[in-house]
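Everything numeric in this text was worked out from a predicted model, so none of it was measured. For the numbers below, each heavy atom of this structure counts, side chains included, while hydrogens, waters and symmetry mates do not.
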Amino acid sequence: GARWFVSAEPAVVSHAVTLVQPVEFSNIVAIKAPEGGRLSYKPEHIMQALLRAYSAFTAVRLESGRLMAESEPSALPHVVLHTGNWGAGAFGNNMTLLALLQLVAAAAARIDTLVFHTFDHRGTFHLNKARAWLEALVSQRASMPLTDLVMRIYRAGLHWSEPEDPEMLPAAPPSHS
């Protein structure tokens with residue numbers, strides 16, 4: 001790993017590196033996952049997680065634009081963002097909820113391509129569930145205030161630790177009421 005790299009001869013490192021043309025930029029962003037929750041999510045948990053994801057994704061878009069302007073001033077960046085089951089491991093977050101919030105945040109931040117790494121069947125199930133929820137939310141109303149969106153998600157009664165059986169999750173968020 002890192003020890004080998006540090007002690008490697010420059011010629012060995014040069015041989016192992018492949019120059020990508022055209023130049024591609026990578027921005028690595030860490031987002032603090034919601035933590036410490038029990039039972040059902042509260043609206044403030046949902047809002048905080050959504051704003052964290054949106055802020056991070058917007059920073060990626062803005063930094064990508066800045067870097068592209070420095071190297072190719074006339075080009076517009078096509079921003080590809082890779083993400084995954086953020087906060088679903090040690091923090092015990094609901095995979096469907098956090099996938100949904102990332103999908104919403106990516107759209108709001110105008111990310112061109114979102115690549116969601118699910119790692120396994122369970123993660124894919126929750127991502128697909130989140131996409132279905134998003135489709136249901138969008139089909140019912142093209143746009144809505146952020147607080148309305150958060151309250152619709154909250155009314156679904158999602159819990160911090162998900163049921164073991166993914167089929168026990170609601171098929172879609174509750175309709176607007």
Side-chain angles (χ1 to χ4, degrees), residues 26-65 78-177:
S26 295
N27 300 305
I28 299 173
V29 178
I31 307 171
K32 185 178 185 316
E35 61 183 339
R38 292 181 27 200
L39 305 173
S40 295
Y41 283 87
K42 294 184 170 123
E44 56 269 23
H45 297 136
I46 297 167
M47 180 69 83
Q48 183 182 63
L50 179 57
L51 292 176
R52 284 178 182 172
Y54 171 75
S55 296
F57 294 177
T58 298
V60 166
R61 182 180 48 79
L62 292 173
E63 182 64 7
S64 296
H78 177 86
V79 179
V80 178
L81 191 142
H82 291 256
T83 192
N85 296 319
W86 164 53
F91 292 104
N93 281 284
N94 183 293
M95 291 171 73
T96 301
L97 173 63
L98 291 187
L100 173 64
L101 297 179
Q102 288 182 83
L103 293 171
V104 170
R110 298 188 320 267
I111 297 299
D112 298 304
T113 303
L114 183 69
V115 180
F116 204 103
H117 299 275
T118 60
F119 302 107
D120 60 18
H121 172 73
R122 183 171 177 251
T124 301
F125 174 86
H126 289 285
L127 175 59
N128 290 337
K129 183 73 76 174
R131 286 180 173 149
W133 279 38
L134 183 59
E135 188 175 310
L137 289 167
V138 171
S139 70
Q140 294 170 7
R141 210 164 154 188
S143 67
M144 68 180 71
L146 185 58
T147 53
D148 289 358
L149 173 68
V150 167
M151 290 310 294
R152 293 215 34 225
I153 295 168
Y154 166 72
R155 284 194 295 272
L158 295 174
H159 296 280
W160 281 78
S161 295
E162 300 153 333
E164 287 300 313
D165 180 2
E167 297 301 325
M168 293 175 60
L169 293 170
S175 61
H176 184 67
S177 50

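Counting all heavy atoms, side chain and backbone alike, Phe57 lies closest to Ile111 at O-CD1, 3.5 Å. The shortest heavy-atom contact between Gly123 and Met95 is CA-CE, 3.4 Å. Between Leu137 and Met144, the closest heavy-atom pair is O-CE, 4.1 Å. When all heavy atoms of Trp86 and Ala53 are compared, the closest pair comes out as CZ3-CB, 4.1 Å. For the residue pair Pro34 and Asn93, the shortest heavy atom distance occurs at O-ND2, 2.8 Å. Between Leu100 and Ala130, the shortest heavy-atom contact is N-CB, 3.4 Å.
Under a 3.5 Å cut-off, the side chain of Asp112 and the backbone N or O of Val80 do not form any donor-acceptor pair. Between the side chain of Ser139 and the backbone N or O of Ala136 there is at least one donor-acceptor pair closer than 3.5 Å. Under the 3.5 Å distance criterion, the side-chain polar atoms of His45 are matched with a main-chain donor or acceptor of Lys42. Of the possible polar contacts, none joining the Arg52 side chain to the Ile31 backbone as a donor-acceptor pair under 3.5 Å is found.
The shortest side-chain heavy-atom distance between Trp160 and Asn94 does not fall under the 4.5 Å cut-off. Put simply, the side chain of Lys129 reaches to within 4.5 Å of the side chain of Trp133, judged on heavy atoms. For the pair Tyr154 and Tyr41, the minimum side-chain heavy-atom distance is 4.5 Å or more. Residues Thr147 and Met47 have side chains in contact (heavy-atom distance under 4.5 Å, counting atoms from C-beta outward).
Shown here are the salt bridge (Lys or Arg N to Asp or Glu O under 4.0 Å) partners of Glu35, two or more places apart in sequence or in another chain: Lys32.
Each of Leu51, Ile153, Leu149 was checked for a side-chain contact (heavy atoms from CB on, under 4.5 Å) with Leu101, and the lone residue meeting it is Ile153.
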